[in-house]
Amino acid sequence: MIETDIAIVGAGFGGLAAAIRLKQRGHHDFVVLEKADEVGGTWRDNTYPGCACDVPSHLYSFSFALNPGWSDTFSGQAEIWAYLRGCVEKFGVTPHLRLGHTVGDAAWDERSQRWHVETDRGTFSARVLIVATGPLSEPSLPDIPGLATFAGTVFHSARWRHDHDLAGRRVAVIGTGASAIQFVPKIQPVVGSLTVFQRTPPWIMGRMSRPISRAEHAVYRRVPGAQRLVRTAIYWVRDASALGFLHPRINRLGQKLAEGHLRRQVGDPELRAKLTPTYVMGCKRVLLSNDYLPALTQSNVDVVTESIREVRPGGIVTVDGVEHEADTIIFGTGFHVTDSPVMQRIRGRDGRTLAETWTPTMRAYNGTAVAGFPNLFFLLGPNTGLGHTSVVLMAESQVAHVLAALDHMRRNGIAAIEPTEQAQRRYVERIDARMAGTVWATGGCQSWYLDSTGRNSTLWPGFATGFRLRLRRFRAADYAAVRLQQGAPL
Ligand code: NAP
């Protein structure tokens with residue numbers, strides 16, 4: 001058994017934020033368990049052509065590690081991944097990394113008041129477990145009848161097959177979400193034919209991206225505070241846009257802009273009708289692209305809106321009986337967000353898994369701690385997602401909250417801490433009440449934000465600022481604690 005004070009699972013934005021902040025606070029006895037051989041999380045795994053962030057780079061980075069060298073206002077995957085690797089070096093996290101360690105079961109041991117975390121390279125015993133596996137890490141592949149019989153190549157956008165040359169091939173793309181709209185325009189000029197299977201059209205706005213000039217780089221490097229000022233301005237403009245999601249009538253104005261974008265980019269009324277959403281903008285993630293819609297108007301592209309019935313060796317059959325021939329199928333079908341496999345591997349005080357505890361819906365106090373799971377902290381857990389600004393902000397404020405909990409435990413001689421059932425219930429009730437009037441609840445769509453019960457257990461129903469202010473305060477009364485040594489409740 002390998003002893004450590006704190007085990008962090010996952011080395012993406014969340015896990016690395018936790019590692020860096022712990023180090024800065026003088027905690028040096030921790031490990032970061034990462035199944036891959038590199039850090040980077042979603043920015044390591046998603047390498048599809050055109051992969052980039054749709055949140056401005058100045059904001060989509062750590063508040064404590066601004067990067068004056070971003071090449072574009074919206075950076076690409078390779079640059080963001082390099083940024084994260086740079087942070088590991090800069091903040092001395094490398095000695096704490098345990099790469100190539102896949103976590104199996106993680107169980108709370110009541111007797112020792114510690115977590116036993118099994119990995120394929122040994123078992124770790126940790127006082128505190130920080131789970132930072134990310135909501136968008138497990139690709140979701142729909143169970144389409146006959147898929148196993150397909151004679152060609154099949155892959156998911158988050159597991160791009162760079163060894164598979166698409167030139168001249170008949171390619172089918174299933175899904176039209178944030179990932180697909182980025183890679184479709186990149187592969188369209190290369191492939192022979194492209195059939196895009198669309199179940200629900202997304203609302204798309206123009207993407208105001210531009211290279212950052214040499215002069216700007218010089219200013220960011222030489223003028224203290226200049227980049228921070230730009231970041232702050234982006235922060236407030238972005239956060240104010242939450243108003244449209246909270247009050248859907250405001251979003252209807254934004255929808256007019258998206259309608260104009262579609263009209264300008266797609267001349268053919270028949271194709272435009274297929275691409276026009278019937279729900280209120282914001283109900284599903286609003287996508288940013290200047291080249292997706294034009295790609296769909298090209299002569300080698302067919303947009304299919306009939307539902308898929310089955311896959312045969314030679315292609316995909318829709319419910320109207322038409323077989324759409326394909327050599328390659330690419331799934332842009334998203335991720336297991338509300339049913340991530342990691343939930344089945346974490347066992348709390350009574351031996352139940354998080355998956356069992358979170359059936360039928362995920363609930364956590366401050367999106368971070370869960371009643372019945374002592375000394376467990378989740379980064380980007382339930383109701384911490386954002387559709388309008390950077391989730392890095394959320395992860396950072398959760399890390400600050402975890403540090404406050406650790407300080408509280410140290411100062412008060414506490415061995416184990418978990419939110420009380422009442423505090424968690426009150427918190428979740430407040431979230432649900434605020435969610436009721438939002439566009440996600442009233443916009444008339446089905447989205448991955450909603451779980452199988454129809455509850456939105458993924459998004460934070462408000463301004464990022466509201467979440468950050470809330471998490472700034474550590475409310476000891478909302479936690480149940482077990483004292484050190486005596487093992488008696490406080
Ligand atoms: P997604 O948004 O969940 O989109 C999945 C797509 O697949 C949707 O069009 C969905 O249709 C379709 N689909 C799912 N199951 C299907 C089935 N059985 N048959 C037919 N179609 C099916 O996934 P994503 O595009 O990978 O994006 C996931 C999230 O990653 C985004 O929402 C965003 O948060 C993040 N992301 C961010 C960026 C960025 O720039 N920051 C880029 C990429 C991804 P329905 O709409 O009908 O469900």
Please name all residues satisfying disulfide (SG to SG under 2.5 Å) with Cys87, sequence neighbours left out, ordered by chain then number.
none
Name the orientation class of the two ring planes belonging to Phe155 and His164 (parallel below 30°, tilted from 30 to 60°, perpendicular beyond 60°).
perpendicular
Sequence-distant partners of His96, ring pair (Phe, Tyr, Trp, His ring centres under 6.0 Å), two or more places apart
Phe30
Residues forming a ring pair (Phe, Tyr, Trp, His ring centres under 6.0 Å) with Phe197, sequence neighbours excluded
His324
Decide, yes or no, whether a salt bridge links Lys35 with Asp120 under the criterion of side-chain N to carboxylate O below 4.0 Å.
no
Residue pairs fulfilling side-chain hydrogen bond (donor to acceptor under 3.5 Å, both in side chains) with at least one residue in residues 431-443, sequence neighbours excluded
Asp432-Arg455
Where at least one partner belongs to residues 261-274, residue pairs that pass side-chain hydrogen bond (donor to acceptor under 3.5 Å, both in side chains), sequence neighbours excluded:
His261-Gln265
With sequence neighbours left out, the residues meeting salt bridge (Lys or Arg N to Asp or Glu O under 4.0 Å) with Glu216 are Arg210
Checking Arg121 side chain against His101 main chain: does a donor-acceptor pair fall under 3.5 Å?
no
If you take the centroid of each ring, where Trp contributes its six-membered ring, are Phe183 and Trp160 closer together than 6.0 Å?
yes
Evaluation steps, salt bridge (charged side-chain N to carboxylate O under 4.0 Å, His left out), between Glu325 and Arg170:
CA-CA 7 Å; Glu325 292 180 351; Arg170 298 167 301 174; 2.8 Å; yes
Residues at least two apart in sequence or cross-chain that pass salt bridge (Lys or Arg N to Asp or Glu O under 4.0 Å) with Glu138, listed by chain then number, are none
Can you pull the disulfide (SG to SG under 2.5 Å) pairs that have at least one residue in residues 232-294, sequence neighbours excluded?
Cys283-Cys445
Under the ring pair (Phe, Tyr, Trp, His ring centres under 6.0 Å) test, which residues partner Trp448, sequence neighbours left out?
none
Please confirm whether the ring centroid of Tyr60 lies under 6.0 Å from the ring centroid of Phe74.
no
Dump the intermediate steps for side chain to side chain contact (heavy atoms under 4.5 Å, CB included) on Leu296 and Val266, then the final yes or no.
CA-CA 8 Å; Leu296 299 185; Val266 180; over 6 Å; no
Among residues at least two apart in sequence or on other chains, which ones pass ring pair (Phe, Tyr, Trp, His ring centres under 6.0 Å) with His388?
none
side-chain hydrogen bond (donor to acceptor under 3.5 Å, both in side chains): which pairs involve residues 78-92, sequence neighbours left out?
Ser71-Glu79
Using the test salt bridge (Lys or Arg N to Asp or Glu O under 4.0 Å), find all partners of Asp239 that sit at least two apart in sequence or belong to another chain.
none
